[in-house]
Amino acid sequence: MADKTPDSQIQNDIILSVNNIEVIYDHVILVLKGVSLHVPKGGIVAILGANGAGKTTTLKAISNLLHAERGEVTKGSIEFRGEEVQSLSPNELVRRGCIQVMEGRHCFGHLSIEENLLTGAFTRKDGNAAIKKDLEMVYQYFPRLRERKGSQAGYTSGGEQQMCAIGRALMSKPSMILLDEPSMGLAPQLVEEIFDIVKQLNVDTGVSFLLAEQNTNIALKYATYGYILESGRVVLDGTGDELRENADVKEFYLGTGGEERRSFRTVKHYKRRKRWLA
Amino acid sequence: QAEDSMYMPSMTYRTGPFAGGGTPFADGYADYFNMLNERDGGINGVKIVVDECETAYNTQKGVECYESTKGNGALAYSPLSTGITLALIPKAPVDQIPVFSMGYGLSAAAAGEQFPWAFVYPASYWSQLSSILKYIDSNGGIEGKKIGFIYLDVGYGKEPIPLLDQLSESMGFSVAKFPVGVKEMQNQGSQWLNVRKERPDWMIMWGWGAMNPTAIKEAAKIRFPLDRFIGNWWAGSHSDLKAVGESGKGYLAANFSGIGQDFGAVQDILKYVVNEGKSKVGSPDDVGNVLYNRGMFNAVVLAEAIKVAQDTTGKTIIDGADMRDGLEAINLDQARLTELGLEGFTGDVQGSCSDHEGNGSIFIQQWSGSDWEKISDLIPPMTDVVRPMLEEAAESYVSDKPDWKGQACS
Amino acid sequence: MLYREAGQFKTSYAADQAMLPILQDRIGILVILLVAFVGIPVFATDFFMGSIMIPFLVFALAAVGLNILTGYAGQLSLGTGAFMGVGAYSCYKITTLFPDTNIIIAILLSGVFSAIIGVIFGLPSLRIKGLYLAITTLAAQFFLEWCFIRIGWLYNYNDSGAIEVPQRKIFDIAVTGASATPMVRYLVIVSIVAVLSLVAANVLRGRIGRSWMMIRDMDIAAELMGIRPLYAKLSAFAFSSYYCGVAGALMVFMWLGSAEVEAFDINHSFLVLFMVIIGGMGSILGCFLGAAFIWVLPIVMRGLPSLMGLDILAATTEHITNIVIGVLIIFFLIVEPHGLARLWQIGKEKLRSWPFPYASS
Amino acid sequence: MELLNSIFVAPFVDMAAYPDFLIQVIWEGFVAGVLYSLIALGFVLIYKASGVFNFAQGIMVVFSALALVSLHEAGVPAWLAVVLAIGIMGVLAVSIERLVLRKLVNQHDAILLMATIGLTLILKGVGELIFGGEPKPMITEQLGLPTGSTDWEVFDGIVIFQHIDIAAAVIAVLMVMALGVFFSKTRIGRALRAVADDHQAALSVGISLHQIWAIVWFASGIVALVTGIMWGARSEVSFALEIIALKALAVLILGGFTSIPGAIVGGLLIGIGEKLFEVYWGALFGSGVEAWFAYVLALIFLLFRPQGLFGERIIERV
Amino acid sequence: MTDISQTADAVESLDTQSDVDAPETLRYTEELLRVDNVSLSFGGVNAITDISFNIMKGEVRAIIGPNGAGKTSMLNVINGFYHPQKGVISFRGKPRRRMKPYKAAASGIARTFQNVALFKGMSTLDNIMSGRSLKMHRGFLWQVINIGPARNEEIEHRKRVEEIIDFLEIAHIRKQPVGKLPYGLQKRVELGRAMAMEPELLLLDEPMAGMNLEEKEDMSRFIIDLNTEFGTTIALIEHDMGVVMDLADRVVVLDYGKKIADGTPKAVQSSQEVIDAYLGVAR
Ligand SMILES: Nc1ncnc2c1ncn2[C@@H]1O[C@H](COP(=O)(O)OP(=O)(O)OP(=O)(O)O)[C@@H](O)[C@H]1O
Ligand SMILES: Nc1ncnc2c1ncn2[C@@H]1O[C@H](COP(=O)(O)OP(=O)(O)OP(=O)(O)O)[C@@H](O)[C@H]1O
Ligand SMILES: [Mg+2]
Ligand SMILES: [Mg+2]
């Protein structure tokens with residue numbers, strides 16, 4: 001079901017394709033059981049799914065960071081611009097324009113915010129002026145970071161760290177960004193802003209995005225295509241609009257079963273997730 | 001083990017921080033036995049199997065070596081480490097294998113009544129120290145002088161202190177002590193600053209391994225007259241002075257084993273073993289070095305004891321208990337030494353039931369800048385002072401061991 | 001299939017809380033105990049008991065001690081050797097000052113002194129953390145070593161500066177001293193180690209053990225949950241040092257017979273640390289595996305050339321042993337950074353899901 | 001009273017009475033401190049770059065110096081021996097990165113520490129196998145290092161300066177300056193600190209751990225060689241030198257793990273402090289206090305500043 | 001005293017805008033925690049400036065505000081991890097300025113953390129058991145032999161913990177080490193751990209960050225049940241306004257360390273200042 005995915009007309013414009021990968025942690029824990037997905041050039045693709053579905057694992061597999069977690073891709077292949085990712089080191093990937101914003105922020109605690117941002121430009125070779133310019137751009141996006149630029153990242157608030165992590169990735173001038181839960185811990189206003197930035201980069205400079213996001217509502221609003229992952233398998237995929245219209249998605253991810261938004265107070269629990277696996 | 005051979009374990013340390021001393025010693029030890037095997041077909045026709053076990057100067061490994069080899073019919077152990085010796089002394093009577101700590105280990109073991117199974121030929125540390133002090137006394141007098149004592153801060157280095165304190169009273173000199181921690185062996189700056197502060201007239205050193213060259217260099221640095229700086233017999237080898245070279249000129253050291261290759265036995269080793277490629281020694285030039293010859297002498301004493309034991313028991317293959325008797329009855333006088341091809345190699349060594357140090361004498365050697373030269377006659381120890389102290393120490397060693405078995409010597 | 005808990009239902013929390021809730025593990029332990037208490041004394045040679053099993057048990061106990069501190073309470077320490085020394089010297093003082101004390105009691109008591117010293121040197125841990133703390137424990141190591149040399153009273157002003165084990169008997173059987181047979185010493189030591197391991201396992205499963213692990217995993221959160229860092233850290237230091245102290249006393253009294261300061265030097269601290277890390281931090285089983293690996297392997301290696309009839313210099317064997325051990329350490333760390341104990345667990349996991357290759361998440 | 005006197009009065013009286021000697025003590029402390037700093041510097045480089053506490057630094061000192069001396073013994077001219085020794089350290093650095101570090105990315109401190117201890121065993125074994133266990137004299141003259149000494153007559157006494165000590169101090173200063181510039185003025189410097197904070201995140205922003213580690217291990221290999229030459233010139237080159245490296249640990253925590261100036265200041269503080277303490281107060285304790293002085297000083301110091309003099313603040317936040 | 005009346009005034013003035021909720025608030029009569037004029041700064045950064053508010057016994061109190069506003073710092077102050085430079089905090093009527101975190105825990109304040117702070121090397125069960133630490137008392141010697149009292153105590157608490165595990169529906173991961181659990185489950189375990197302390201006041205720092213709708217619904221239900229059935233007072237930091245609107249009785253809004261609003265969710269949501277600073281376009 002996962003393989004019928006991309007429209008054939010953009011087939012040759014695919015920047016990233018993941019073909020039926022299997023991932024095992026610690027030699028014994030099988031987490032991804034054959035996941036396939038494709039990101040067209042200039043597309044914004046969202047991966048949705050419950051906790052533990054394997055979103056983060058998928059993204060790490062793409063950017064080749066699994067080794068550091070004692071995980072490995074045992075089957076399938078991942079291609080970034082036609083190149084086999086497994087044979088590239090993470091830094092070569094970044095050089096080729098694919099960068100990941102990791103879940104859980106991962107700022108360099110002892111470095112100041114500004115230094116953190118500058119490490120993002122590590123692979124760049126286009127001179128200090130260009131880097132300065134981009135730094136300025138990041139500060140424009142996140143004025144809060146400018147205020148805190150001298151503080152050690154370890155001491156800044158959760159949201160500030162999240163901005164820092166995203167800003168750091170932007171500093172590498174990527175052509176493809178893997179965003180793992182970008183909205184986590186951000187104020188509502190900022191969540192909108194981040195997605196605006198995503199849209200803007202996408203439209204202006206043609207950056208492609210693959211994002212794992214829990215905030216289905218907003219993710220589907222911006223995404224051109226989406227995949228729903230459950231227990232290490234893709235269970236549903238479609239364009240953003242298709243998914244938004246899907247009854248199940250509405251019910252379980254958007255919370256708009258009826259007309260009005262359900263109140264958190266009134267929802268009663270029942271084992272809904274079962275349906276996906278059936 | 002085979003019917004026609006005897007087993008002689010060799011505890012060596014060719015590794016670790018003290019390998020510099022351990023290696024030539026082990027070479028000399030093994031080569032002598034091999035020479036006997038090659039030249040004479042062994043001792044009274046019985047070959048000696050030398051089996052090396054590496055201790056790295058580590059007591060635990062030493063004990064492990066002991067335990068793993070004692071069952072092979074080991075005749076005697078020479079651990080070349082005070083720590084291992086101390087661990088083995090109580091085991092010796094139980095396993096009936098003598099411990100021969102040649103010029104190291106427990107000084108008190110010289111008292112044969114209390115230590116039937118331990119031997120320290122040719123002299124205990126205390127005897128050695130008394131000889132060194134005699135040398136000082138005969139070179140300008142010792143009374144009223146200040147003696148600096150620099151030592152490796154472990155059991156080995158501390159051994160002679162009680163005697164030093166005692167003699168300082170009776171001989172009328174004062175003592176300044178400079179301990180050097182094992183970790184500070186190559187970093188003796190402060191000790192020598194203290195020496196400069198204390199301004200002793202003579203320095204005596206109880207050092208080992210990397211401590212020795214460092215100390216000599218430091219002494220030269222503060223312009224301490226090296227001809228007033230005497231090392232004990234573990235602080236006066238070629239390997240120590242090689243690193244110092246020319247700047248160590250004048251440095252003195254005690255010794256009890258001959259230097260160089262001008263001995264029949266050494267020549268035989270060269271002929272039968274080294275030149276045949278059966279030795280582990282790095283180059284033939286190393287044969288005859290101080291520690292090489294010392295290791296060889298260790299073997300000489302053991303071989304002699306085996307021979308004595310064979311002769312007295314009439315057996316060709318002896319066991320540890322016979323070996324003990326042989327060691328006790330050893331009599332290496334000049335005539336016998338000449339027979340062995342070791343004329344003038346060392347003073348007389350004569351054991352007895354009560355005397356396990358053999359009343360050995362030492363001589364003093366001096367570094368010429370490139371080699372050691374013997375500069376004194378044999379200096380016998382002050383037995384009258386040392387012996388009572390040794391006995392007292394032996395008493396106190398056994399005092400808290402109710403089941404300790406000594407022996408009666410008439 | 002081979003290692004299945006299926007069908008072993010626990011009907012009470014008590015059963016579920018048991019130390020070994022799985023039948024196969026219980027059988028395993030029983031077999032090990034049988035071998036340790038009956039098999040080895042009956043069938044093994046003196047050399048095996050005296051030079052392999054006794055040191056192995058001594059180091060395993062020390063490793064348990066260090067593991068409590070490092071693996072469970074998260075405080076890296078390089079002072080194990082010195083704490084073992086405190087135990088040994090205390091035991092020596094107790095047995096010589098009060099010659100009538102039962103030797104077992106003296107040994108168990110000597111750990112108390114070690115614990116007290118441990119607490120004193122544990123005090124900085126309240127402020128100093130991680131590798132910084134590890135290095136400050138070197139202060140304990142070197143200061144105590146210095147004390148063992150400088151304070152003559154500790155070794156009864158022996159000329160040699162070494163402590164020598166006096167002979168002590170229980171029921172007329174020599175337990176310490178040269179005439180104590182390896183079998184007797186082995187039995188004493190294996191009993192002590194078995195009991196103390198059980199005690200450690202109990203404490204570690206309970207409230208106190210949990211409080212150590214809380215401090216280890218996230219000290220701030222632990223404090224915000226009502227754990228007093230002072231108590232938790234110092235009790236870990238005390239408990240751990242107690243084990244090290246007893247191990248030190250056993251080392252000298254049951255194994256070496258006499259000891260100089262070198263027996264407690266920094267290399268021993270490292271040796272025990274090797275064992276803990278190779279065995280697996282935070283695992284009692286790991287301590288035993290680690291001790292076996294680090295202590296027994298070199299002995300086997302040393303014996304190999306002669307077994308194979310090769311005439312290799314003892315020193316060369318030693319160098320090669322060093323290299324091989326080093327390579328193996330790195331190899332194991334790469335294969336499984338959480339040590340042999342974790343490797344064992346993965347093995348069990350595989351057995352459990354056998355014949356399928358993986359467990360599904 | 002007596003005690004108070006010998007603590008608070010007598011030593012100072014002593015100092016004032018023989019100022020030449022005091023100067024000598026301080027100079028000796030200074031030189032020892034410089035040499036401690038050199039060892040500590042090797043540690044700092046690697047720690048800064050990877051968060052790895054490189055226990056093998058001590059053995060690297062021995063290994064490189066032995067390689068140098070043995071090459072010369074084998075007939076290689078001194079200058080070539082130096083080049084080859086540097087080459088050996090380079091090969092070593094690359095192989096360590098390839099075979100060890102690369103496989104241990106993102107692991108716990110203690111595990112990385114352990115791996116370097118494993119490395120220590122290997123280097124020791126290989127070193128003894130190839131070069132033998134015997135100590136060797138350093139080829140001081142052949143390397144063109146000065147040997148003599150200069151006397152400075154002052155306060156009715158003399159202070160002796162060994163030329164080799166002066167050379168050691170100068171070389172150390174030059175080296176520190178070079179490294180300081182390299183790490184603070186290049187973008188590598190920032191990347192290094194990032195790697196030390198979070199391996200995985202560093203990977204994710206495209207920092208090449210492999211390259212950085214190889215560079216840094218090579219740099220600290222060179223530092224080790226220089227250290228080995230200087231210490232070797234003072235006594236001899238032997239495996240016993242490794243033990244001195246432990247002293248550098250105290251320097252390290254006093255100065256702070258991550259700070260190059262910290263290594264220098266820490267080294268000098270400890271070098272001078274321990275010499276003064278041993279010479280003027282040591283007798284009070286029965287001497288030999290040098291064995292622990294450095295550690296206890298560092299410990300007391302850390303109680304007030306847990307991250308050392310120049311170390312980075314330990315971040316505590318929830 | 002004056003500050004409190006001010007706060008009360010503020011509450012009322014906002015309340016008047018939405019009379020529907022007014023009676024609700026009055027339900028709570030007893031004040032559990034009061035923060036008076038607290039200020040906290042780090043070097044140059046003023047994380048909290050002169051903030052006062054209170055939490056009534058039994059209510060769900062939300063704290064919202066833009067990133068870096070000082071919300072987490074506020075919780076840190078309440079449970080003693082940060083010591084404010086100025087101001088007093090009264091818990092159950094007892095005023096205090098500085099307090100050791102473990103004492104705060106002992107007096108009945110528990111919390112969860114924004115960046116999950118679980119004990120990573122321990123299993124879910126042990127993590128939740130660790131919440132019972134303060135309630136367990138058997139001494140060392142009992143632990144050593146682990147029969148009798150210590151064991152019974154352990155089992156007794158285990159029962160309690162199992163109830164929590166059932167409640168949170170995490171029975172399947174009971175014995176798994178928490179370090180590798182998915183983020184959402186970790187948050188749930190963390191909640192369980194805090195619940196195990198049976199606190200009077202529970203501080204939750206973004207308990208639903210990184211969860212999808214379904215999981216948020218679950219989490220909300222736990223929080224509501226906790227509040228209604230166990231009567232636990234809850235202070236909640238959350239960025240999802242939907243959750244805040246539905247769960248909170250009253251909301252305090254921080255911005256740049258200052259309090260900019262305090263009142264019922266409805267009132268707060270329609271406050272222009274809050275919209276400007278935090279919500280962005282009104283929803
Ligand atoms: N390092 C690891 N070792 C073992 N198992 C792991 C590891 N990392 C993740 N897992 C397991 O893999 C599964 C998928 O995790 P992953 O983090 O990819 O999920 P996710 O979809 O990103 O969830 P979340 O929304 O909570 O972030 C989970 O069951 C988790 O327990
Ligand atoms: N220990 C500290 N040292 C220095 N600055 C700090 C410290 N703790 C917090 N701050 C600063 O105080 C401000 C408030 O931080 P806080 O964590 O309370 O924000 P927050 O409201 O929780 O934000 P978020 O929603 O992003 O988590 C931030 O700017 C932060 O950088
Ligand atoms: Mg995730
Ligand atoms: Mg926050």
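Order of the sequence lines fixes the chain letters, A, B, ..., with proteins taken first and strands second; residue numbering starts at 1 for each chain. What you see below is based on every heavy atom in this structure, not just the backbone, and it leaves out hydrogens, waters and symmetry mates.
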If we only count heavy atoms from C-beta on, is the C:R207 to E:M129 side-chain gap below 4.5 Å?
no
Roughly how far, to the nearest 0.5 Å, is CZ of E:F81 from CD of C:E223?
8.0 Å
When you check the gap from the basic side-chain N to the acidic O, do E:E154 and C:R210 get nearer than 4.0 Å?
yes
Nearest non-hydrogen partners of C:A221 and E:A117, listed with the distance
CB-O, 3.6 Å
Work out which heavy atom in E:L118 is nearest to a heavy atom in C:M218; give both atom names and the distance.
O-CB, 4.2 Å
Gap separating the OG atom of E:S130 from the CD1 atom of C:I215, nearest 0.5 angstrom
11.0 Å
Choice from E:A105, E:P101, E:A110 maximising heavy atom contacts with chain C below 4.5 Å:
E:P101
Heavy-atom check, side chain of C:I227 versus side chain of E:Y102, under 4.5 Å:
no
Which answer fits C:A222, side chain, backbone, both or neither, if we ask what part of it has an atom under 4.5 Å from a heavy atom of chain E?
both
List the atom of C:L224, the atom of E:M197, and the distance in Å for their closest heavy-atom pair.
O-CE, 4.3 Å
Check E:S133 against C:M214 and note the closest heavy-atom contact, atom names and distance.
OG-SD, 3.8 Å
Scan residues 216-237 of chain C for pairs that pass ring pair (Phe, Tyr, Trp, His ring centres under 6.0 Å), counting only residues two or more places apart or in two chains.
none
With a 4.5 angstrom heavy-atom cut-off, could you sort out which part of E:K159 is near chain C: side chain, backbone, both or neither?
both
Please tell me if the side chains of E:K120 and C:R216 come closer than 4.5 Å, counting only heavy atoms from C-beta onward.
no
Can you tell me which portion of E:R132 sits under 4.5 Å from chain C's heavy atoms? Options are side chain, backbone, both or neither.
neither
